[in-house]
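To start, the structure under review is shown below, and the notes come after it.
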There are 2 protein chains.
Amino acid sequence: MAKDIQEVNESRANPTRAAAARILVIEDEAALSMLLAYNLEAEGFTVDRVERGDEAEIRLSETIPDLVILDWMLPGVSGLEICRRMRARETTRNLPLIMLTARGEESERVRGLALGADDYVVKPFSVPELMARVHALLRRARPGRSSGVLSAGDLDLDRQNWRVRRAGREVHMGPTEFRLLDHLMGKPGRVFSRAQLLDSVWGISAEIDERTVDVHIGRLRKALSKGAEKDPIRTVRGAGYAFDETFDLIS
Amino acid sequence: MAKDIQEVNESRANPTRAAAARILVIEDEAALSMLLAYNLEAEGFTVDRVERGDEAEIRLSETIPDLVILDWMLPGVSGLEICRRMRARETTRNLPLIMLTARGEESERVRGLALGADDYVVKPFSVPELMARVHALLRRARPGRSSGVLSAGDLDLDRQNWRVRRAGREVHMGPTEFRLLDHLMGKPGRVFSRAQLLDSVWGISAEIDERTVDVHIGRLRKALSKGAEKDPIRTVRGAGYAFDETFDLIS
DNA sequence: CCCGCCCTGTCATCAAGATGTCAAACAGGT
DNA sequence: ACCTGTTTGACATCTTGATGACAGGGCGGG
């Protein structure tokens with residue numbers, strides 16, 4: 001039987017594959033911390049939990065995990081401080097780090113990312129969303145360490161420095177546009193519905209009109225195309241938006 | 001727990017053309033069950049309620065819902081068991097599942113539970129919070145269902161990227177033609193009557209002339225055959241249309 | 001502490017596309 | 001050739017996306 005039409009599936013959850021990675025969750029809110037632990041363990045990870053910044057310090061000097069999930073708001077040593085110290089220390093410098101931030105902490109997030117977070121999730125978030133990011137980060141990080149820079153064609157998005165460059169020139173945009181671009185570039189080619197974008201960029205339970213996404217996409221486009229440059233964002237009528245995966249080939 | 005019945009913003013509730021999703025609530029505590037049903041119905045969902053684990057089994061073998069909300073503490077068959085069986089059965093394997101767990105249950109048993117739940121909420125929870133998760137989960141692309149690539153011969157349909165390529169070249173078509181092709185390619189060779197296509201591509205409640213299908217088939221054909229390429233769609237006089245299962249062998 | 005700039009979310013409006021219907025031309029089978 | 005069911009182009013209408021304007025809120029600078 002020759003080639004049939006076949007469907008290529010991603011398996012539901014792929015708990016296997018890499019040997020169980022160890023994840024450190026630094027989160028003071030007990031319910032959230034447990035929620036994360038259960039789900040991470042359900043996916044086969046080993047989880048360490050600490051509630052305070054100073055505990056985290058100690059734990060990190062004992063065991064080096066494969067990935068860290070860090071809440072920005074922490075009693076004791078702040079998340080920002082943890083992040084900074086992690087990056088300062090040789091042994092933890094390259095650890096994949098996901099920050100949990102509440103909406104409205106944009107400026108804080110900037111500082112956090114500037115200090116080296118690899119990814120961030122807006123609270124409240126959906127568990128599947130976070131899990132996806134954990135897997136993505138673990139998959140990605142290993143080889144040449146996560147540079148923290150997404151690029152395609154003449155476009156570069158630097159998460160560490162919260163900067164976007166087009167053809168060398170720096171491009172200015174608001175936090176929302178930045179996160180939007182970040183998200184789209186994270187999965188080039190993939191079409192996201194407006195609702196999905198609201199979930200992951202604005203945060204689950206953000207009660208915002210879907211049309212608002214259009215406006216921000218528009219602002220993003222305007223920011224990205226100062227001249228007569230090609231638009232890297234593809235509109236899919238009736239479906240949503242996507243970062244054009246053929247973008248770097250063309251430009 | 002907070003049992004005040006609250007309304008939840010419906011802004012981006014169910015703007016989808018697809019008929020309202022059906023949700024199965026498995027919860028023995030009547031008050032909570034009703035609270036959920038009330039709020040879910042207020043958002044336009046169809047709600048099935050059962051109180052016991054064994055009832056759930058039966059219900060699931062009769063009607064497959066689009067999402068399941070399952071309480072951990074159940075009389076009869078436990079929530080864990082329900083969950084496990086759902087995942088074991090082919091028809092329910094990919095069903096989005098939200099677990100309700102109480103704070104005190106966050107022990108060993110619950111961990112196993114997480115093995116298959118897509119998301120869960122710790123009681124007491126706020127209704128809007130749960131609603132947000134329900135929506136988020138329904139929106140979430142189910143790996144294996146709405147994603148993947150269908151291909152046949154020189155034709156590729158990429159659901160994630162929402163793209164169709166013929167002999168490498170991108171082919172443009174409207175959303176309806178896309179869905180139509182998607183549906184036909186899903187069951188190569190199978191003949192669908194116009195009525196069936198209207199149901200699955202346009203939606204159950206579509207009061208549309210059957211002849212309209214012809215027109216869209218025509219548009220689809222035109223889009224797919226820029227040159228003198230073979231037509232992948234077979235017309236079955238008096239019956240309907242089908243994707244030609246011999247297509248890839250010939251082309 | 002106050003002022004002003006920047007970011008945001010929402011609207012109203014405009015433009016581009018997509019859709020459903022019809023009718024006339026066509027094709028297949030008898 | 002005839003009848004029935006199918007293809008196609010035209011077309012009016014409906015949707016959906018793009019855009020500019022605008023008011024409220026927040027943050028930082030003075």
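Order of the sequence lines sets the chain letters (A, B, ...), proteins ahead of strands, with each chain counted from 1. Just so you know, these numbers come straight off a predicted model, no measurement behind them.
Considering only side-chain N and O atoms, His216(B) lies nowhere under 4.0 angstrom from the phosphate OP1 or OP2 of dT8(D). For the OP1/OP2 pair of dT16(D) and a distance below 4.0 Å, the side-chain nitrogens and oxygens of Tyr241(A) include no atom meeting the criterion. A sub-4.0 Å separation between OP1 or OP2 of dT19(C) and a side-chain N or O of Trp202(B) is absent. For the OP1/OP2 pair of dT6(D) and a distance below 4.0 Å, the side-chain nitrogens and oxygens of Thr235(B) include no atom meeting the criterion. When the side-chain nitrogen and oxygen atoms of Thr176(B) are compared with OP1 and OP2 of dT19(C), one or more of them lie within a distance under 4.0 Å.
In this model, no donor atom of one side chain and acceptor atom of the other lie less than 3.5 Å apart for Ser126(A) and Arg139(B). Inspection of the Ser200(A) and Arg133(A) side chains reveals no N or O donor paired with an N or O acceptor under 3.5 Å.
Residue Arg219(B) is in base contact, counting any heavy-atom pair closer than 4.0 Å across all strands shown. Among the heavy atoms of the strands lying under 4.0 Å from Asp214(B) is at least one base atom, whether or not backbone atoms are also near. Residue-level contact check: Gly218(A) touches neither bases nor backbone, having no heavy atom under 4.0 Å from any strand. Residue Glu177(A) is classed as a sugar-phosphate contact, given heavy-atom separations below 4.0 Å to backbone atoms only.
Comment: Glu245(A) engages Arg163(B) in a salt bridge, judged by a side-chain N to carboxylate O separation of less than 4.0 angstrom.
For Ile233(A) and dA18(D), the CD1 to P distance is 10 Å, given to the nearest whole Å. Straight-line distance from the CZ atom of Arg234(A) to the C1' atom of dG17(C): 16 Å, rounded to whole Å.
Judged by atom type and distance alone, Arg211(A) does not reach the base of dT10(C) through any side-chain donor-acceptor pair under 3.5 Å. Between the side chain of Arg237(B) and the base of dT4(D), a donor-acceptor pair under 3.5 Å is found.
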Decide ring pair (Phe, Tyr, Trp, His ring centres under 6.0 Å) for Trp202(B) and His216(B); before the verdict, give the C-alpha distance in whole Å, the side-chain angles of both, and the deciding distance to 0.1 Å. CA-CA 11 Å; Trp202(B) 274 259; His216(B) 282 278; 5.3 Å; yes
Assess whether ring pair (Phe, Tyr, Trp, His ring centres under 6.0 Å) is satisfied between Phe45(B) and His135(B), documenting all intermediate values. CA-CA 10 Å; Phe45(B) 296 113; His135(B) 284 298; 5.3 Å; yes
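Listed candidates were dC11(C), dG17(D), dG9(D). Nearest to the side chain of Lys222(B) is dG9(D).
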